[in-house]
Amino acid sequence: MLHIVNKSPYERNALESCLRLALPGAALLLIEDGVYAATRGNVAEPRLREAMQRMDIYALRPDLEARGMAGRVIQGVKLVDYDGFVDLVCERPNCQSWL
Amino acid sequence: MLHIVNKSPYERNALESCLRLALPGAALLLIEDGVYAATRGNVAEPRLREAMQRMDIYALRPDLEARGMAGRVIQGVKLVDYDGFVDLVCERPNCQSWL
Amino acid sequence: MSEFENDAGGESAGRIKKFMFVNRKAPYGTIYALEGLEVVLIAAAFDQDVSLAFVDDGVYQLAKGQQTKALEIKNFSPAYRALEGYDVEKLYAERESLEARGLAAEDLIVPVEVLSSTELAELMAVQDVVISS
Amino acid sequence: MSEFENDAGGESAGRIKKFMFVNRKAPYGTIYALEGLEVVLIAAAFDQDVSLAFVDDGVYQLAKGQQTKALEIKNFSPAYRALEGYDVEKLYAERESLEARGLAAEDLIVPVEVLSSTELAELMAVQDVVISS
Amino acid sequence: MRLGILVNEGPYTHQASDSAYQFVKAAIAKGHAIHRVFFYHDGVNNSTKHTEPPQDDRHLVNRWSKLAGEHGIDLVVCVAAALRRGIKDEMLAPGFRISGLGQLVETGIEGDRLVVFGD
Amino acid sequence: MRLGILVNEGPYTHQASDSAYQFVKAAIAKGHAIHRVFFYHDGVNNSTKHTEPPQDDRHLVNRWSKLAGEHGIDLVVCVAAALRRGIKDEMLAPGFRISGLGQLVETGIEGDRLVVFGD
């Protein structure tokens, strides 16, 4: 399963719910305002580091760049472009957007 | 100041920010999905009870009724109809919606 | 359901996929719960393997005693009771979401299977299509 | 700002109110930051007493180094630097919001006055009009 | 009192338009004056006469038009926000007019309160 | 692969339409097929030809129309959601068509994946 989260971890509970309901081995892709969760110093950093032990965590580079956050990414988060987004969707058997 | 919060305390951080930035003596009106914060057993109950010590807390009855929550209101929260909503706006020198 | 006659039975006839609708939003504050139900009914009309999960504020959609008269908005909560008539019988609610809101199964207008987060996660993981709103 | 010539100087001429725009949303994910700025400029054109507060994810609006080319969305962050030219000089950021996001004043594209929650609350309380988005 | 209203979201998707309508109706019943209702952001989508909700649902656009007709309320749709969302003059339901953001600032100045409804 | 796309929000207000567009463009470039793009909820507002964003901004509706024209992508607007929001056949930009929710379910069945973009 590819989980897709597009909301800031401060503003909404989407990331929290996603991490609660994602099985080990699943992938998480952060897009749009969701990419803030991939940045150092963010409230979600501990939860993301914990999740990294059991899941692959990705963040969409164009969304990080737009927000001036490309230089603040937590080590271990893999950056992808839309190309990589498409690959992730195709590689995993199914996907879920946490709207 | 009348503070107006229309979001569920689970889904968004609006109530939390409002309570952080409301001065003692201010009023808080919960409307729309914000009324869930006025119900017993809700995650926001302790914060709301604490806020009640320094602020007047109101909830919009029609929104509680629509959501089946009219019977679950925390004691001390005052229920108002749209009439009362209008009065609150007029009685207080200014108002702020936490969108 | 006028769309049913036009759409069902096309090239998709006979193929059955697992569709899960994940309801995470409260009713009335936004339209997602209501419009989401319409997709559920159409998926059922296509004879798909449909399930509904109620998570986070989505569990509020099922709260008993909804009275929308003063709001002048239609009370659509009875529609959940009609789901059975469309053979939509797999309704799940996450225990953690219910408990965090002070709700129990008996506070809900329809019977649901209450699942732990892990149980629900395992169900989600085997779906073909997951639509959350 | 073609609206300026048409609208300013009407019956409201001469009256000055305190307008505070409370920015609580991140940029690009939604349009509120961008369209909110447009109201700020019009309020300034009406010679109102305008201030901007950056709270919660709103502080992200001011992050340095925004590069929107790959998104093909316009980078509107330079507009905050243009505010000074409209005599909009009261920019406040809440310290708690900055710190919770690992940001400091030097990470922002414009100088802002960093205020404690209490200081900002006191400023909000004396406004005539508060528009949050 | 003279009240200004700002509606930031479109009809149905968010409750904002419903809440604003109920508030305005109650304010009028109590004898207050509505200086203006200003529609911004997706709020501009409240103004189109092409809206056709299901028979058993409320008609938000007609509600606003009726209120405007009966009480002479000024319903103003922001021109920039409307263009961005494909709302044109010829689509407007009765009672709505398109104008600039200055009309919002003006209602902030002229009204005794500005009440904001949104997401 | 054959991908289905669901867009739940209108243009500009949320990034959903932008993200979906960039995703679809990348998928096509990689040789994947787009079975359908379905517009639901406020997503129906992506389809109106009357949209006029400022000159210096991207034109989301034209983007979709162009993509549909160049690659034969099926852009389907939900009829019920469209009526509720005042979107009619005669307003549609090139490449869009109005149909029922069955088209969404069908793309869920026929597509190898359904990717959802929204708020």
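Chain letters run A, B, ... following the sequence lines, proteins first and then strands; every chain starts at 1. Remember, predicted model here, so these are calculated numbers, not experimental data.
The shortest heavy-atom contact between D:A121 and B:L21 is CB-O, 3.3 Å. Minimum interatomic distance between D:D128 and B:N94 (heavy atoms only, all atoms of both residues): O-CB, 4.0 Å.
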Apply side chain to side chain contact (heavy atoms under 4.5 Å, CB included) to the pair B:R20 and D:D56, showing each step before the final yes or no. CA-CA 11 Å; B:R20 190 172 75 238; D:D56 294 329; 3.2 Å; yes
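Using a 4.5 Å cut-off between heavy atoms, D:E122 touches chain B through backbone and side chain atoms alike. Contacts between D:V129 and chain B at a heavy-atom distance below 4.5 Å are absent for every atom of the residue. Proximity to chain D (any heavy atom under 4.5 Å) is shown, for B:A14, by both the backbone and the side chain.
Note that OG of D:S132 is 4.5 Å distant from CG of B:L99, once rounded to the nearest 0.5 Å.
Ranking B:A26, B:A22, B:S97 against chain D, the residue ahead of the rest is B:S97, based on heavy-atom pairs under 4.5 Å.
Remark: D:E119 CD is packed, more than 12 non-hydrogen atoms of other residues, nucleotides or ligands lying under 6.0 Å away.
The side-chain heavy atoms of D:Q127 and B:Q96, taken from C-beta on, include no pair separated by under 4.5 Å.
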